[in-house]
There are 2 protein chains.
Amino acid sequence: MSQIPSGFREKRRSRTVTLQDVANVAGVTSMTVSKVIKGKGNISTATREKVLRVAEELNYTANLAARTLATGRTGIIAVICGELDQAYYANMVSLLQAQMLCSGYEMRLLHKESELKDLLNATKTSAVDGVIVSGAHDLSEKPEFLNSELSQHCVFLDTFEHPNTDYVRIDLREGVQEAIEHMITLGRQRIAYVGVSNATEFDPSWAVEDRLRTYLATINKANKNHEFINSRPRIDMTREERIDAIKLYFERHGCPDGLVCLHGEIAMLAFRALREYGCRVPEDVLVVGGDDVPFMECFAPSLSAVAHPLEEACVLTWQFLQARINNSSLPLQQKTCKAKLVVRESLQSR
Amino acid sequence: MSQIPSGFREKRRSRTVTLQDVANVAGVTSMTVSKVIKGKGNISTATREKVLRVAEELNYTANLAARTLATGRTGIIAVICGELDQAYYANMVSLLQAQMLCSGYEMRLLHKESELKDLLNATKTSAVDGVIVSGAHDLSEKPEFLNSELSQHCVFLDTFEHPNTDYVRIDLREGVQEAIEHMITLGRQRIAYVGVSNATEFDPSWAVEDRLRTYLATINKANKNHEFINSRPRIDMTREERIDAIKLYFERHGCPDGLVCLHGEIAMLAFRALREYGCRVPEDVLVVGGDDVPFMECFAPSLSAVAHPLEEACVLTWQFLQARINNSSLPLQQKTCKAKLVVRESLQSR
DNA sequence: TTGTAAGCGTTATCAC
DNA sequence: GTGATAACGCTTACAA
């Protein structure tokens with residue numbers, strides 16, 4: 001029985017050890033082996049030990065595809081997010097992965113720029129048990145998404161709300177507002193927003209994002225003028241070019257005395273641009289970043305930030321998803337965590 | 001025929017659309033549908049179009065598990081590497097993912113700290129088509145690994161050599177040597193190495209890594225004393241604590257006039273420690289990082305680095321792996337890329 | 001406690 | 001050009 005069946009099988013990759021092989025050697029049925037491996041059902045200690053020994057000897061490992069086909073479960077979670085060269089997403093993935101490792105899940109990393117069709121395909125029930133989505137703002141509004149199975153086992157982790165699905169939201173509004181009011185208290189007059197846009201002219205109507213929106217509202221309330229600095233007028237600019245773009249703004253319009261930056265990374269770029277332009281932080285210009293990217297505190301002066309409670313959010317997201325996987329008819333799970341302003345040297349006028 | 005068969009099927013997750021469903025509606029066999037979907041075999045234009053239309057209508061997507069079981073191919077590549085909160089790995093994964101996206105592969109992200117058994121299991125033929133490993137120095141020496149199928153479709157991307165497998169190696173030696181000689185040329189006397197260790201006392205014998213090894217050799221040749229600063233005496237220290245640990249060294253032993261750091265991140269920590277201690281960069285101390293982490297150039301002064309040719313290495317790695325997947329009997333593919341010193345302000349004595 | 005049979009959704013082979 | 005059939009390796013349900 002241990003001879004390889006003819007034909008078909010040999011065309012495949014090198015023969016792998018199957019349940020049947022173990023069963024043959026151990027002198028039992030493949031079913032018995034299956035039970036032993038999964039630790040289910042009643043098996044006598046004698047056969048159990050024998051089977052385990054043989055499995056060990058033959059170096060048996062389960063075929064995930066076959067198991068998936070039979071059970072509909074994979075033990076794999078898809079994560080759809082932005083580029084990992086952004087520290088924000090990299091840290092998020094890192095935190096999520098740590099959680100999943102503990103729960104015995106693995107991670108399939110998908111790119112949010114992929115075709116929606118490909119995403120749906122990749123995350124079909126048969127391929128992953130659940131999905132975590134971050135930074136794909138518009139996904140939850142698409143009917144193809146809402147009608148798909150994907151949405152059944154999906155948790156959003158975002159700064160947006162997603163009314164019809166589970167989500168963990170990070171609310172930046174208070175943190176950003178506090179940062180700007182802090183600048184105003186210190187007497188700053190020209191507080192500009194440093195963001196990203198591919199439009200040539202700034203148009204407040206595309207302020208779909210909390211940070212920019214809150215900036216505009218807060219500045220308005222204080223009867224000051226808003227000012228938008230584009231840190232990436234063209235896609236695919238290098239960091240050096242982006243620094244130059246910001247510097248060019250200073251050269252043309254003079255320097256604001258406060259900068260609210262979309263990301264921590266942009267705060268770093270802006271800091272460098274200020275240096276090259278010849279402005280001091282914080283004496284001439286106060287600076288704050290819209291998230292707390294690692295190593296902002298290593299700058300001199302250390303860069304302030306609106307710190308996202310990323311760890312808390314990731315833990316919660318994973319809890320939500322596990323609950324959803326175990327019971328897909330659970331009521332909507334939605335929670336908001338608040339980001340907090342971290343005042344470092346870049347916000348301290350001496 | 002479109003009614004759902006009794007029993008078994010209903011216990012599973014919500015019924016998915018299968019080849020058979022499409023076939024029933026289109027009035028053909030599932031085999032024909034399969035051929036149309038895969039674009040293989042000779043199918044009349046009439047049936048092809050009809051099948052495609054029905055598939056579209058029914059929103060059919062292939063079941064990956066079933067396809068894998070039948071073909072032995074998954075279209076998924078496992079990547080095993082260190083923590084993504086290190087910018088080095090995050091960028092690597094980001095670059096690799098971009099490559100894979102173009103070739104129609106997806107990525108399964110595994111953690112190098114997982115049990116070897118789990119890794120082997122996860123990367124069995126049935127689960128992924130190939131594996132990329134980075135930073136798992138010792139893996140290629142383990143017999144369990146070498147005897148496994150994993151090693152058949154595996155490329156290492158590392159600063160080490162892995163004699164028995166495909167690899168792309170990043171060679172740091174010349175870059176590090178150049179950095180140190182540059183410091184010596186500028187008259188620096190106390191050039192210290194800032195690294196990571198969990199031993200209390202420094203022991204040159206654990207210099208398995210190119211950077212430290214090259215540092216020791218170069219310092220020796222110049223008849224200077226080596227000096228080791230531990231930037232992480234305990235695992236799980238926060239960045240603040242690590243900064244303090246470095247600062248503590250300065251307080252106890254005075255400040256070196258040159259620092260060679262294992263990573264870019266450590267250079268950032270060391271920079272901050274120097275600031276807090278009251279030393280100026282580069283006037284008092286020259287600083288260089290062992291890899292070129294993004295945003296080092298945003299510091300004031302900008303931090304120098306031994307820049308890894310990461311993009312080149314990732315492209316090469318992916319080429320190697322694809323070649324290996326297509327032909328597993330290919331001779332060993334091994335290539336070395338050299339890292340180059342990037343001199344920024346932190347290495348320029350004025 | 002163990003075994004039998006059927007089924008998961010796809011593809012390879014070969015006959016029509 | 002199209003279809004029938006077996007096979008991929010595992011698990012569920014039920015019989016022995």
Side-chain angles (χ1 to χ4, degrees), chain A residues 4-24 26-51 55 58 60-75 121 124-127, chain B residues 4-24 26-51 55 58 60-75 121 124-127:
Chain A
I4 297 171
S6 64
F8 201 64
R9 228 162 177 174
E10 294 170 313
K11 307 245 169 170
R12 303 170 174 275
R13 294 208 184 166
S14 60
R15 181 89 169 73
T16 63
V17 181
T18 71
L19 277 184
Q20 189 62 55
D21 298 324
V22 178
N24 290 150
V28 294
T29 328
S30 63
M31 205 44 244
T32 308
V33 180
S34 172
K35 283 179 188 152
V36 171
I37 298 290
K38 304 270 293 185
K40 301 176 118 184
N42 294 329
I43 304 285
S44 70
T45 337
T47 45
R48 153 170 294 113
E49 280 171 3
K50 173 151 201 187
V51 166
L58 265 49
Y60 170 79
T61 53
N63 180 321
L64 187 74
R67 178 175 288 168
T68 298
L69 192 55
T71 62
R73 291 219 163 190
T74 61
N121 196 344
K124 268 268 167 171
T125 309
S126 55
Chain B
I4 297 172
S6 63
F8 200 66
R9 228 161 178 173
E10 293 170 315
K11 307 243 169 171
R12 305 171 173 274
R13 294 207 185 166
S14 60
R15 182 90 168 73
T16 62
V17 180
T18 70
L19 278 183
Q20 189 63 55
D21 298 324
V22 178
N24 290 151
V28 293
T29 325
S30 63
M31 205 47 242
T32 308
V33 180
S34 173
K35 283 178 188 154
V36 170
I37 299 289
K38 304 272 293 183
K40 300 175 116 183
N42 294 329
I43 305 285
S44 70
T45 336
T47 44
R48 152 169 296 114
E49 281 171 2
K50 172 150 201 188
V51 166
L58 265 50
Y60 169 81
T61 53
N63 180 321
L64 189 72
R67 179 174 286 168
T68 298
L69 192 55
T71 63
R73 291 220 163 190
T74 60
N121 197 343
K124 268 269 169 170
T125 310
S126 55

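All chains are named by letter (A, B, ...) in the order of the sequence lines, taking the proteins before the strands, and each is independently numbered beginning at 1. All values below were derived from every heavy atom in this structure, side-chain atoms included, with hydrogens, water molecules and symmetry-related copies excluded.
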Q: Calculate the interatomic distance between A:Asn63 atom CG and D:dA7 atom C1'; express it in whole Å.
A: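 Those two atoms, CG and C1', are 13 Å apart.
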Q: Where the side chain of B:Lys38 is concerned, which of C:dG9, D:dC10, C:dT11 is the nearest nucleotide?
A: C:dT11
Q: Sequence neighbours excluded, which residues qualify as side-chain hydrogen bond (donor to acceptor under 3.5 Å, both in side chains) partners of B:Ser30?
A: none
Q: Taking only side-chain nitrogens and oxygens of A:Ser34, does any of them come within less than 4.0 Å of OP1 or OP2 of D:dT11?
A: yes
Q: Among all residues two or more places apart in sequence or in another chain, which pass the side-chain contact (heavy atoms from CB on, under 4.5 Å) test with B:Ala66?
A: A:Leu69, B:Asn63
Q: Mind checking what makes side-chain contact (heavy atoms from CB on, under 4.5 Å) contact with B:Ala62, not counting sequence neighbours?
A: B:Tyr60, B:Arg67
Q: Rounded to the nearest 0.5 Å, what separates atom OG1 in B:Thr18 from atom CG in B:Leu58?
A: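 If I round to the nearest 0.5 Å, the distance is 9.0 Å.
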Q: To the nearest 10 degrees, how far apart in direction are the end axes of the helix from C:dT1-D:dA16 to C:dC16-D:dG1, each fit to five base pairs?
A: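 That helix has its two terminal axes inclined by roughly 40°.
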Q: How close or far is atom P of D:dG9 from atom CG of A:Asp21, stated in whole angstroms?
A: 8 Å
Q: Please write out each protein N/O paired with an N/O of nucleotides 2-4 of chain D under 3.5 Å, distance rounded to 0.1 Å.
A:
from, atom 1, to, atom 2, distance (Å)
D:dT2, OP1, B:Ser44, OG, 3.1
D:dT2, OP1, B:Thr47, OG1, 3.3
D:dT2, OP2, B:Ser44, N, 2.9
D:dT2, OP2, B:Thr47, OG1, 2.9
D:dG3, OP2, B:Thr29, N, 3.1
D:dG3, OP2, B:Thr29, OG1, 2.9
D:dG3, OP2, B:Thr32, OG1, 2.4
D:dG3, O5', B:Thr29, OG1, 2.7
D:dG3, O6, B:Lys35, NZ, 2.9

Q: Using a heavy-atom cut-off of 4.0 Å across all strands, would you classify B:Ala62 as base, sugar-phosphate, or nothing?
A: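 If one applies the 4.0 Å heavy-atom cut-off, B:Ala62 turns out to touch the sugar-phosphate alone, with no base involved.
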Q: Would you tabulate the side-chain donor-acceptor contacts of residues 32-45 of chain B under 3.5 Å, counting partners in other chains and residues two or more places apart, or write 'none'?
A:
from, atom 1, to, atom 2, distance (Å)
B:Ser44, OG, B:Thr47, N, 3.4
B:Ser44, OG, B:Thr47, OG1, 2.7

